[in-house]
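Here is the structure we will look at, set down as structure tokens.
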Protein chains: 2
Amino acid sequence: MQKSQATIKQIAQELGVSISTVSRALQNNPRIGLRTRERVWELARQLQYRPNPAALVLKKKHTRTIGVVLPFLKEEFFSTAITAIEDVLTGYNVVISQSRDELEREKGALATFLASRVDGVIASISAETHHYLHFKELESFGIPVVFFDRVPRRLPAHKVRSNISTAARELVDFLADRGLERIALLNGPAQLEVSEERQQGYLQAMKERHLPIDPSYVCSSDLSKADTQAKVDYLLSREPKPQAIVAFNDYISLYAMERTQALGLIPNQDVYFVSFANLPMMEYAAHPPLASVDQFAYTMGEKAAELLLQLIQSPEEIPYQELWVETQLVIH
Amino acid sequence: MQKSQATIKQIAQELGVSISTVSRALQNNPRIGLRTRERVWELARQLQYRPNPAALVLKKKHTRTIGVVLPFLKEEFFSTAITAIEDVLTGYNVVISQSRDELEREKGALATFLASRVDGVIASISAETHHYLHFKELESFGIPVVFFDRVPRRLPAHKVRSNISTAARELVDFLADRGLERIALLNGPAQLEVSEERQQGYLQAMKERHLPIDPSYVCSSDLSKADTQAKVDYLLSREPKPQAIVAFNDYISLYAMERTQALGLIPNQDVYFVSFANLPMMEYAAHPPLASVDQFAYTMGEKAAELLLQLIQSPEEIPYQELWVETQLVIH
DNA sequence: CTGTTAGCGCATTCAG
DNA sequence: CTGAATGCGCTAACAG
């Protein structure tokens, strides 16, 4: 009743030939007679033979598996990126792990990847990540790592990223063009490079536009809903109140607007919001941000996967690559 | 520079002991002298030794890997379920594959799972799935399969599901209680058992409430946005127009309302909507359904994973289990 | 307390 | 054209 997976050994026995003959036949090695080859293939088909990947791993030195660590699958940005990764990495097993924005989980995921000998890793770092030893360890074993979107700051590494600081400037410009002056930044965790870039772009644009720069207008959330809303309370209690808020991403902007409303203010009327990501679901939101920077999740995943593929396949060391994907400001 | 992963063989050589001594020492086998054990552990630590899973797979007869196939990662219902699965299956590698509601992808995923010798599979079937040979094949090799949420109709199998037909009745009751009479059903693909159940509950409630049952008020979408909106056009062109629509799930309901609005009608005013899933993002939607049946994604994933764990661990055959998880009507 | 050996499934080198 | 033998990394039965 309960079949067990066939092996070349069984095939060999049943056919009265040697294991190596079967092995070669299955690889269509021309050294094996056509007749024999056909018999082997036929029996293999009947027995539903499938090579045991574990055995192959032992021989060849790769697993045809790559690991992906990212904060949350439920964020459409990331699930879209994964779809792209799958599309590019056909023939590979891609195993996904959520860090849930916790450093410990991220480390755990990488430990598992290392233990299971993945051929490469694609990563978007957690909100808590402030060192990269766990990533460097993989590289020290020759396992290439490609970061995308949330890439480590100042760490030489393979990266696929978008020009966040330029995008942040565009967002400020967008608001300034509409006559808004007191613009706040509700940023992500400071150690994330992508937060730093937002701040940099924001500051630069504010300066260029000769808008008032108030340090208390800039704060960073750990990306949780609770902390985000606490920061909104803080921001909206400033005097004078900011007229607009640049949010870390669409989710943060949603949380922030919810809180704004709870405080008796009308989002995008009393306080304007703009953000990053431009998730499709924003189309259905009660209060979408006025504008959002599309980061093209699919393209980023695609580029990251393509780069990883190169790294895996290239025999010699490749210097760290830094790929940029364009962003696009979209107005809602 | 580029380390390669250490093996027990290397450790043995360096320490001048035999391979099996190292193997046993690493397993803390008391037969090995404490002194030796410590030396082995110490060197293993230094060399960052990690057992090669491929070698283990060849010996033991399991991979400590389980596969999950489901339609779309980007649907929060599924990504939440996955989080639960990960939480339960600590120590397992869980590899995820999206069918994208295509039968061929689903088959491909299962073929990969079979080839890679996963210890078990958790599945939520695609919209196109109308036979289950690919699942049965896994079972014929002794690989247990647990279906959740979108479970196959009339196929004896391990299932974790919610009582959809009862929930559908509650939804109709909810509408009827508000004096609505012409209630339509915008269902999913007919071959999905979950569609059938919705229809059954709908019909039964309509009958009990003595509401008019009009076959043209019932239609099924392939779950794509385009087809869904075409079906909305159809439904809203009926005479008389339905007063309310029970949608297959929250996404369908969102698509439907968008279309309704495009047709010049006001959702939840000219036509009322209710649906299934109760996704968290509905909280932020411009037009959330009036009511949605919460299906407790996390619990479903959890139950499915727990059941699978039992099946994997149990030495003897376990008869097909059917687990139910409660639903809850939530009013927005 | 420790070493030797066989074998998991497969590719491959070396013989014939 | 085909077979025997070896080894990938590891565990476990068997020997001492």
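Lettering follows sequence order; numbering is per chain, from 1.
Residue order along DNA chain D, read from the 5' end via each residue's closest nucleotide, puts A/T21 first among A/T21 and B/Q27. A residue-by-residue look at B/K61 and B/G33 shows that B/G33 has its nearest nucleotide of DNA chain C further toward the 5' end. Each of B/K59 and B/R31 was matched to the nucleotide of DNA chain C holding its nearest heavy atom; the match closer to the 5' end belongs to B/R31.
A/I82 has its side chain within reach of A/L70: a pair of non-hydrogen atoms, C-beta onward, lies under 4.5 Å apart.
Out of C/dG9, D/dA4, D/dA12, the shortest distance to the side chain of A/A55 is found at C/dG9. With D/dG9, D/dA12, D/dT2 as the candidates, the nucleotide lying closest to the side chain of A/T36 is D/dT2. Between C/dC8, C/dA11, C/dT2, one nucleotide has an atom nearer to the side chain of A/K60 than all others, and that is C/dA11.
Nucleic acid contact for B/T7: sugar-phosphate only, since backbone atoms but no base atoms lie under 4.0 Å from a heavy atom of the residue. Among the atoms of the strands shown, none is found under 4.0 Å from any heavy atom of A/V57.
A close approach under 4.0 Å does occur between a side-chain nitrogen or oxygen of A/S18 and OP1 or OP2 of D/dG3. Using a 4.0 Å cut-off, no side-chain N or O of B/Q5 falls inside it from OP1 or OP2 of D/dG9. Contact annotation: A/K9 side-chain N/O to C/dG7 OP1/OP2 distance is not under 4.0 Å. OP1 and OP2 of D/dG3 both lie 4.0 Å or more from every side-chain N or O belonging to A/S20. Look at A/S23 and you'll find a side-chain N or O under 4.0 angstrom from OP1 or OP2 of C/dA11.
Rounding to whole angstrom units, CG of residue B/N28 and P of D/dT11 are separated by 12 Å. Atom OH of A/Y49 and atom C1' of C/dA11 are 10 Å apart (whole Å). Atom CD1 in B/I11 sits roughly 11 Å away from atom P in D/dT11 (whole-Å rounding). Rounded to whole Å, atom C1' of C/dG7 lies 15 Å from atom CG of B/L56. When rounded to the nearest whole Å, the span between CG of B/L58 and C1' of C/dA11 equals 13 Å. Straight-line distance from the CD1 atom of B/I19 to the P atom of C/dG3: 11 Å, rounded to whole Å. Protein atom CG of B/N29 is 11 Å distant from nucleotide atom C1' of D/dT11, rounded to whole Å. Remark: C1' of C/dT2 and CG of B/L26 are 16 Å apart, rounded to the nearest angstrom.
When every heavy atom of A/E106 is checked against every heavy atom of A/S124, the shortest pair comes out as OE1-O, 4.3 Å. Considering every non-hydrogen atom in both A/W41 and A/L26, the closest pair reads CZ2-O, 3.1 Å.
B/K74 forms a cation-pi arrangement with B/F72, by the criterion of a distance under 6.0 Å to the ring centre and an angle within 45° of the ring axis.
Within a 6.0 Å radius of NZ in A/K136, other residues, nucleotides and ligands contribute more than 12 heavy atoms.
Ring orientation note: the planes of A/F148 and A/F77 are close to parallel, at an angle under 30° on the 30°/60° scale.
Judged by distance alone, with hydrogens and angles left aside, B/R37 brings no side-chain donor or acceptor close enough to the base of C/dT2 to form a pair under 3.5 Å. At a cut-off of 3.5 angstrom, counting only N and O atoms as typed in the model, there is a donor on one side and an acceptor on the other between the side-chain of A/R24 and the base of D/dG3.
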